[in-house]
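Here is the structure we will look at, set down as structure tokens.
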Amino acid sequence: MQQSALNEIARALVAPGKGILAADESSGTIKKRFDSIGVESTEDRRRAYREMLFTTAGAAEHISGVILFDETIRQQASDGRPLAKILADAGSIPGIKVDKGTTPLARSPRELVTEGLDGLRQRLVEYRELGAKFAKWRAVIDIAGDEIPTRYCLDVNAHALARYAALCQDEGIVPIVEPEVLMDGDHSIERCHEVTSDTLHAVFDALYAQRVELDGMLLKPNMVLPGKKHPSYPAPPQEVAEATLSCFRAVVPAAVPGIVFLSGGQGDEEATANLDAMNKTGPHPWELSFSYGRALQAAALKAWKGDDANAPAAQAAYLHRARMNGLARSGRWSPDLEKAAS
Ligand code: 13P
């Protein structure tokens, strides 16, 4: 595929006012989400829940693309259309999570490495036939004291991210490169800044070494925050914006079309306010948008409660968060807009 075709898809994913819905929870993660609302995680309920989200009228105005799980990209909606086609028909680009989750890292078992490279090229070909135009691979970096993460953990995860990204580009699929520094723990915002910076350095070194075209990918990182158990959590949006931007400006090349943040356990409004604060400054070398899972879905999941009769309320909750984040993505959000809607 011509490089410009990858760039075109990457730019469409970070189009003005739009961002990505991460709906690619693995079977284990979606079970946890369903447990939280007392709903059994059966294939039918997972399909019904995702169909409810994907058929929300007007969502595509704010949602450029949706990341799917392997099961979901093979499922059909109640009208017989594949869920991926429902999204594409509505104007959102279907994407696919292709990593196979994390496992303890050999020789450093308190850390994690992401698996899924074996057979990846063949899987990408199949996903492309099923309609995926972009993919996601998540590496998980924990902060624990001064020793963790190790350099070794950063390097092996960066290497795997780059191998995945190169394979995606070979197959005409835009890779979303996701190195997530977790917000669990009691570390300071300065420590998060340091670890995020080290992680991004390792990732961009590996991407460069493995010939990944930076203008045909997106970066999906954490924001720079204090750990959830640190006394200064949550930090004011202005502080998060400054810490995050100073970190990224020093490391992320301007050739990358967009940075799409994960929410990582931030509250719904917190994730919106932090993104908005970043976009209220600028201009920046890259588009700054969202690829939220929990921060887009939490309210909808609670309203849905596993019952199809609640679909209108759940869709309204999802559309509201999509709209708020669409505004934040252009620095046009304010807390008053939240109040006006509730
Ligand atoms: P959260 O926004 O819930 O962190 O999910 C985004 C994601 O895709 C994590 O891999």
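Note that ligands are numbered from 1 as they come in the structure, with each ligand's atoms numbered from 1 the same way. The chain is numbered in sequence order, starting from 1. When reading the values below, keep in mind they use all heavy atoms of this one structure, side chains included, and skip hydrogens, waters and symmetry mates.
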Practice task
Inspect the contact between Arg138 and Glu180 and indicate whether a charged nitrogen and a carboxylate oxygen are less than 4.0 angstrom apart.
Solution key: yes

Practice task
State whether the side chain of Thr281 and the backbone N or O of Met278 hold a donor-acceptor pair below 3.5 Å, judged by distance alone.
Solution key: yes

Handout entry: Pair listing, salt bridge (charged side-chain N to carboxylate O under 4.0 Å, His left out) test, anchored in residues 303-313, at least two apart
Key = Arg45-Asp308

Problem - Ring centres under 6.0 angstrom apart (Trp304, Phe34) - result: yes

Problem - Sequence-distant partners of Arg81, salt bridge (Lys or Arg N to Asp or Glu O under 4.0 Å), two or more places apart - result: Asp79, Asp89

Practice task
Collect the protein residues that have a non-hydrogen atom under 4.0 Å from ligand 1 and hand them over in chain and number order.
Solution key: Ala22, Asp24, Lys136, Arg138, Glu178, Lys220, Leu262, Ser263, Gly264, Ser291, Tyr292, Gly293, Arg294

Show me, pair by pair, the donor-acceptor contacts under 3.5 angstrom made by side chains of residues 285-293, not counting sequence neighbours?
{"residue": "Trp286", "atom": "NE1", "partner": "Val252", "partner atom": "O", "Å": "3.1"}
{"residue": "Trp286", "atom": "NE1", "partner": "Pro253", "partner atom": "O", "Å": "3.4"}
{"residue": "Glu287", "atom": "OE1", "partner": "Arg329", "partner atom": "NH2", "Å": "2.6"}
{"residue": "Ser289", "atom": "OG", "partner": "Lys18", "partner atom": "O", "Å": "2.8"}
{"residue": "Ser291", "atom": "OG", "partner": "Lys220", "partner atom": "NZ", "Å": "2.8"}
{"residue": "Tyr292", "atom": "OH", "partner": "Ala271", "partner atom": "O", "Å": "2.9"}

